[in-house]
Structure formats: C-alpha cells, structure tokens
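Excluded from the calculations below are hydrogen atoms, water molecules and symmetry mates; all remaining heavy atoms, backbone and side chain alike, are included. Note on naming: letters A, B, ... go to the chains in the order of the sequence lines (proteins, then strands), and numbering restarts at 1 for each one.
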There are 2 protein chains.
Amino acid sequence: MLVLLKNRTLYMKKADINFSEPLNCPVRNILDRIGDKWSLLILLVLEQEDVLRFNEIHQSIGDISQKMLSVSLKNLEADGLVNRKVYPQIPPKVEYKLTDLGKSLIPFVNALSDWSKQHMDTILRNRTAYKKKL
Amino acid sequence: MLVLLKNRTLYMKKADINFSEPLNCPVRNILDRIGDKWSLLILLVLEQEDVLRFNEIHQSIGDISQKMLSVSLKNLEADGLVNRKVYPQIPPKVEYKLTDLGKSLIPFVNALSDWSKQHMDTILRNRTAYKKKL
DNA sequence: ACTTTGACTTACCAAAAGTAAGTAAATATA
DNA sequence: TATATTTACTTACTTTTGGTAAGTCAAAGT
C-alpha cells in the first residue's frame, strides 16, 4: 500500500518504515509551499503584470488581507519564488516580481485554470445533485 | 491591471467591475476545491491503489485526522471527484475510488511532484540563505 | 500644525483544523 | 451473560491559522 507519511512517499507498510532515514515526499513538499489559499494567486498576478508593488497586488487579488499578503510574500521570497526590491524612499516603495523559479510554476497554474474552465460546470452540477440527495 | 476578485478574472480596475454580473475566476474555482491541505493527497493515494476504505486512506496519509479525512472526502464526493460505495454490513464497509473526473486531475499532481523533485533542493537552499540574512 | 502616502506590524477576534472520546450494531471471546 | 472488537464515522473541546481594524514611520504637501 502506498504510504504518504509527512516526509515520505513509500510503497511499504507504515510499520516497515525506517523513521530515522529522512526521505522526502515531493507532493507534500510543494503543497507545504503553494498549497495554501493565496500563494498561487499571488504568483499569477505577478506573472501577468511582471512587476507590482504591495498595494497593487493587494488590489489585484481584492480580498486578501494585508497581513496574509505580507506573510505569503515573505514565504514566497524565502523560497526564492518571488524577488523583493526595496527603494529607499519615503513613503516606501517595494517592488515584487517573479524569479525564474517562480515563473517555472506558472504553466501549472494555467493548466489548472484550463482544467477548471472545462470542468467547473460539471462540478457545480455534481454539487447541486449531491445537495439534493441529502 | 489584472484583477482577480473572488469570482472574477478581469483586466480592468476594481472600480470598473460590474458586480451584478456573475463571472467566474477559474483559478479561484479549483483552489476553492483542491487548494487545501489534504484534497490532492487523498486523490493521489486513491489513484495509486484504485480502491481504498476509510481507514486505509487514513493510514496511507498517516497524519490526517479522521475528522478532516471525513470532511475532505465528503467535499471530494460532492464535487464528483471521488466515488463512495457503502456495503450494508456491520461493522461498516465503505469503499472510495476516483471518478473519471477525479482521475483527470492526477496528471497535474504528478507534474507538480516532478517539479518538486527537480527544484526542492534549490528551494531549501534559498530558504536557508534567507534565514541567514535575517 | 495637520494630513497624506506606502508598506507594512500589532492586537484582538473569528474560523479552520487537530485531539480525544463517543456512537452504532453485530459478531467474537471470556 | 458480560465484555471486547470492528469500522466509519461524529461530537465536544482545544489549538492554530486567518481576518479586521488600528497603529507606525518619516517625509512631503496644504
């Protein structure tokens, strides 16, 4: 049986896993970084506009709080997906743009977007039918 | 400027959006469904094993709580990504498997997994370097 | 002297997720 | 006869995460 423990992807029983050996589960690894509510959305708007300031991202996404934008950008920057450039001015000016690594994730977002365009009708119909059954 | 409001993807300023017209933002639409902590992981283990019972999924993932597994499966079922088959026995037996719609999402997960295998070293190095700078 | 500007941070509150215990009904065991 | 076991959950409670609103900093404009 496939076992997807926190940092492992192994075809073995839980009992047989050597916990001291630090293998990694690749799916977990990305999901830990971009599998949240805002990261992919931020990458997407940055890709569209090339360079954006904090408030511009904030307005583009519309319903992200400043706090979460700040936290999310910091994580994306720490992972090297987004570049942060500060201009020493007052009032401050900070520009964000994708790194090459960040850009390399965009095709996935677009592919997911296409999938969504194709299948969202079906999903919404499924969900309506499901609710009726309850 | 690209605006990614809750249910919209529009190249226009926020002020110019007609809020009464119900357009949809495809990226938001999928993220609302699979952009959480567990959904993709559940789809992945189901794909590997074809059919699994509740406790088998639970053990495969390892650190999901029963509560969240229950909630997540219900959502995946409602959206038509997972099929749920109940055998009227005691003790109960319930089998889960992917629908065709659910299966069609697997290539994205695998692609992300490949990306992760390729780039996770870089990301971890980036993060280490970032921490040092602080 | 007071307001505005931009990129945040902080304190406080609400929502989501984790933990542990409980439920149901039949069969197996003591 | 009483108790334990089995499976797929649910419920009550706690912790963590996320959202809201207000505050900060320093200079330039009114």
Side-chain contact check for Phe54(B): nearest option of dC8(C), dC9(D), dT7(D) is dC9(D)
Checking contacts here: which listed nucleotide (dA8(D), dA7(C), dG6(C)) is nearest the side-chain heavy atoms of Pro91(A)? dG6(C)
Tell me the interatomic distance from Gln89(A), atom CD, to dC8(C), atom P, rounded to whole angstroms. 13 Å
Spacing of His58(B) atom NE2 relative to dT19(C) atom P, expressed in whole Å: 9 Å
Whole angstroms only, please: what is the CD1-C1' distance between Ile90(A) and dG6(C)? 11 Å
Rounded to 10°, the angle between the first-five-pair and last-five-pair axes of the helix from dA1(C)-dT30(D) to dA30(C)-dT1(D) is 30°
Taking only residues two or more places apart in sequence or in another chain, which ones pass salt bridge (Lys or Arg N to Asp or Glu O under 4.0 Å) with Arg127(A)? Asp79(B)
In whole angstrom, give the distance that lies between atom OH of Tyr87(A) and atom C1' of dC8(C). 18 Å
Expressed in angstrom and rounded to an integer, what is the separation of Tyr96(A) atom OH from dA7(C) atom C1'? 7 Å
Rounding to an integer number of Å, can you tell me how far Gln59(B) CD sits from dA8(D) C1'? 13 Å
Take Arg84(B) and Trp38(A), find for each the nucleotide of DNA chain D with the closest heavy atom, and name the residue whose nucleotide sits nearer the 5' end. Arg84(B)
Give, ordered by number, those residues of residues 65-77 of chain A having at least one heavy-atom distance below 4.0 Å to an atom of DNA chain D; if nothing qualifies, reply none. Ser65(A), Gln66(A), Lys67(A), Met68(A)
